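Notes for the one structure printed next.
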Amino acid sequence: MSAPNTEAAVASAAPEGRRRRRPVPGSLLVGGLIVVAVLGMALLSFVWTPHDPTLVNPAARLETPSSEYWFGTDKFGRDVFSQIMMGSRTTLFVGFVAVGVAALVGVVLGIVAGMAPGWFGELLMRGNDLILAFPALLLTIMFSAVYGAGTLVAMIAIGIASIPHFARLIRGGTLQVMRTEYVIAARAAGRGPFAIALRHVLPNVSGLVIVQASVGFAIAVLAEAALSFLGFGTPPPTPSWGRMLQESQEMLSIAPRLAVFPGIAIAVAVLGFNLLGDGLRDRFDPKMEDRR
Amino acid sequence: MIVRLAQRIAILLASLAVSSVLVFAFMAVLPGDPARVALGTSASDTAVAQLREQFGLDRPLVEQYLSWIHGLVTFDPGNSYISHTPIGPQISDRLQVTLWLVGTGMVIACIVAIPMGMVMAVRHRKPSGLILSALSQIGVAVPAFLAGILLITVFAVGLGWLPANGWTPPVEDPVLFLKQLVLPALSLGVVQGAVLTRYVRSAVLDVLREDYLRTARAKGLRPTQALLRHGLRNAAVPVVTVLALQLATLLVGAVVIERVFVIPGLGSLLLDSVSNRDLILVQDVVMIIATAVLLVNFLVDIVYLLIDPRLRVGAS
């Protein structure tokens with residue numbers, strides 16, 4: 001993973017891509033590459049890591065980066081690079097489930113709220129806004145107080161907290177689709193709301209779903225890192241970037257690099273998903289953009 | 001205007017009611033008995049029953065809910081199950097600390113974001129604008145606690161200019177207070193500022209395309225003059241919304257930042273009460289944070305009515 005290079009590339013490519021409405025958004029390319037790299041790293045970690053990421057080796061404590069230990073070792077002698085590789089798995093897994101939960105519920109809620117008659121749709125959106133009062137971290141901490149901390153609790157809580165963003169966006173898209181002539185024609189022809197939702201609304205808002213999924217992934221990665229940092233995420237010994245940071249804090253005066261590597265991993269992954277989201281947004285029909 | 005105001009107030013009250021029921025219901029369904037949890041498994045049944053009675057846990061749920069709400073509204077939420085100390089003073093002490101953090105963070109975010117976003121918008125095709133834009137994209141990707149750790153590494157561990165952690169109330173030692181506030185507030189503010197920058201940029205870009213700005217230019221104002229005189233007020237509407245939404249992020253971000261910098265704020269109280277299994281305290285703190293978020297959203301709606309005359313005419 002060559003973080004400095006990708007960041008330099010972003011500096012020249014991202015803003016260009018954002019403003020232009022033509023194809024070839026640079027952000028799509030750079031974001032896509034970063035996401036593929038993180039995904040590749042996670043998949044690779046299933047078959048190969050340079051060292052066993054959980055192996056405690058007192059003989060190799062706090063090694064500086066070398067050809068043997070690419071990113072050095074931590075205070076237990078565990079290989080930092082291998083931990084980062086394994087950590088990407090944790091991050092992506094949490095992201096997938098959280099975004100999945102949020103998209104599933106949020107899309108249904110958004111479409112129903114967009115197609116329902118005035119007051120009911122309004123009520124659904126009010127309920128939706130209420131979830132915004134409980135950000136992911138707060139929700140996870142509250143859930144953890146009751147069910148105990150763990151990956152599942154974190155994933156579901158992050159997912160629930162992300163529902164409102166999906167629902168709001170999809171409702172906006174649905175309202176637009178419902179005003180189009182083909183929907184009016186379909187309704188005149190006697191098609192039921194369910195058929196219209198599946199045949200006309202869903203395909204037309206799917207672009208929005210993909211864009212929001214990418215942005216939502218970035219939010220989930222950030223939330224997971226913060227939660228692991230606080231000890232509410234994936235329990236040890238499974239490596240996670242947030243906990244690596246937390247463990248690094250007591251070693252800052254001796255080995256600040258222990259904070260730098262997982263930090264870069266988090267920032268690059270988030271950057272990748274954000275850029276991908278931006279690029280996809282530019283790519284899809286700009287008329288569908290819900291600009292509030 | 002008055003109808004709209006009444007509507008907003010009704011929505012706020014309904015939201016508060018629903019969210020308090022949700023929080024209460026969620027904590028009430030929890031497996032096990034809070035009194036048993038508080039006393040541990042070795043406690044005798046009579047002791048548990050006594051504690052249940054003392055905290056009213058033997059009463060019907062509706063009654064428990066109402067007395068909880070009554071306690072919160074009258075700023076007297078009773079005693080903790082675990083430490084038996086009054087919760088009210090604890091929360092207000094901790095809240096003050098967190099408000100310092102969040103407030104300073106917000107100010108730093110604005111100081112960073114408003115000029116930067118404007119420059120990015122005005123120069124959006126020039127290299128300087130593009131570089132700033134890329135910087136903000138990177139800033140968005142950095143979580144506040146990572147920024148905090150990096151700031152500690154550089155300014156506390158490396159250069160030794162500022163303390164790495166701790167908290168002193170401003171009345172005790174104002175200088176130390178400021179020194180200890182700088183790094184945590186910066187970590188919150190700079191990262192939040194990066195997010196805000198992007199919204200300022202797009203709001204200003206939207207305004208720059210408006211006809212009235214072209215008219216202002218046509219009558220001889222320079223671009224900056226036109227923007228400052230006619231553009232800012234209009235760009236403010238979306239920016240104020242984002243600022244308010246960010247307050248929730250900042251409050252929650254403060255939870256993590258307080259852990260990084262060992263600051264006794266509301267976030268630390270929440271985390272400590274979770275690990276002590278002091279559930280009533282968890283319930284109270286969660287509700288306070290949710291209330292703060294709802295209140296701010298309400299205030300934003302009101303500010304909207306004030307800054308945008310079009311909204312006053314009830315065209316919904």
Side-chain angles (χ1 to χ4, degrees), chain A residues 7-8 10-16 18-19 27 126-127 129-139 141-147 149 218 221-223 225-227 229-232 242 245-246 248-249 252-253 256 259-260 262-264 266-275 278 291-292, chain B residues 11 14-15 18-19 22-23 26-27 29-31 120 124-125 129-135 137-138 140-146 149-150 152-153 156-158 164 202 206 238 241 245 248-249 251-253 255-256 259-260 270-271 273-275 277 279 282-283 286 289-294 297:
Chain A
E7 279 171 14
V10 169
S12 61
E16 274 289 338
R18 272 184 66 76
R19 288 317 322 161
S27 49
R126 285 290 163 200
D129 286 351
L130 204 62
I131 307 179
L132 286 175
F134 298 94
L137 223 71
L138 190 63
L139 212 56
I141 292 172
M142 189 169 97
F143 283 12
S144 304
V146 174
Y147 299 110
V221 171
L222 283 174
L227 286 165
F229 181 83
L230 293 175
F232 287 95
L245 269 175
Q246 186 251 314
S248 79
Q249 211 191 335
L252 280 184
S253 51
V260 170
I264 289 177
I266 295 169
V268 168
V270 175
L271 186 69
F273 283 108
N274 273 336
L275 287 177
D278 279 357
R291 309 193 64 192
R292 295 178 339 106
Chain B
I11 291 172
S15 306
V18 174
S19 46
L22 285 179
V23 170
F26 183 76
M27 297 313 253
V29 297
L30 94 156
M120 273 157 69
H124 71 281
R125 288 187 197 287
L130 297 180
I131 289 169
L132 284 178
S133 211
L135 269 179
Q137 186 68 269
I138 293 170
V140 171
V142 173
F145 65 95
L146 173 58
I149 291 179
L150 297 179
I152 291 179
T153 312
V157 176
S202 86
D206 283 349
T241 318
L245 290 176
T249 327
L251 267 173
V252 170
V255 175
V256 194
R259 182 49 63 96
V260 175
L270 178 65
L271 294 175
S273 57
V274 170
S275 46
R277 304 205 42 90
L279 296 168
V282 175
Q283 194 175 319
V286 167
I289 295 180
T291 306
V293 175
L294 289 171
N297 288 350

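Computed from a predicted structure; not experimentally measured. Letters go in sequence order (proteins before strands), and every chain restarts at 1.
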* To do: Measure across A/A259 and B/L146 and return the closest heavy-atom pair with its distance rounded to 0.1 Å.
  => O-CD1, 4.2 Å
* Which region of A/A226, side chain (C-beta onward) or backbone (N, CA, C, O), has a non-hydrogen atom less than 4.5 Å from a non-hydrogen atom of chain B, or is it both or neither? -> both
* Rounded to the nearest 0.5 Å, what separation is found between the CZ atom of A/F134 and the CG atom of B/L22? -> 6.5 Å
* Among A/L132, A/V260, A/L138, residue most engaged with chain B (heavy-atom pairs, under 4.5 Å) -> A/L138
* For A/F232, is it the side chain, the backbone, both, or neither that has a heavy atom closer than 4.5 Å to a heavy atom of chain B? -> side chain
* B/I11 versus chain A, the contacting section by heavy-atom distance below 4.5 Å -> side chain
* Asked: Is there side-chain contact between B/F145 and A/L222, with at least one heavy-atom pair below 4.5 Å?
  -> no
* Structure fact -> Shortest non-hydrogen pair, B/V282 vs A/A145, comes out as CG1-CB, 4.1 Å
* Carefully, step by step, assess B/F26 and A/L139 under the rule side-chain contact (heavy atoms from CB on, under 4.5 Å). => CA-CA 11 Å; B/F26 183 76; A/L139 212 56; over 6 Å; no
* Asked: Measuring from A/L271:CG to B/Q137:CD, what's the distance to the nearest 0.5 Å?
  -> 5.5 Å
* Going from CG on A/N274 to CD1 on B/I138, what distance comes out if it is rounded to the nearest 0.5 angstrom? -> 12.0 Å
* **Intermediate values then yes/no, side-chain contact (heavy atoms from CB on, under 4.5 Å), A/V270 and B/V140** => CA-CA 8 Å; A/V270 175; B/V140 171; 5.6 Å; no
* Structure fact -> Shortest non-hydrogen pair, A/L130 vs B/S19, comes out as CD2-N, 4.2 Å
* **Under 4.5 Å from a heavy atom of chain A, the part of B/V252 involved** => both
* Structure fact -> With chain B, the option among A/I266, A/L227, A/L137 that has the most non-hydrogen atom pairs under 4.5 Å is A/L137
* Among B/T249, B/V274, B/V23, which residue forms the greatest number of heavy-atom pairs with chain A at distances under 4.5 Å? -> B/V274
* To do: For residues B/L271 and A/I141, report the shortest heavy-atom separation together with the two atoms involved.
  => CD2-CD1, 3.8 Å
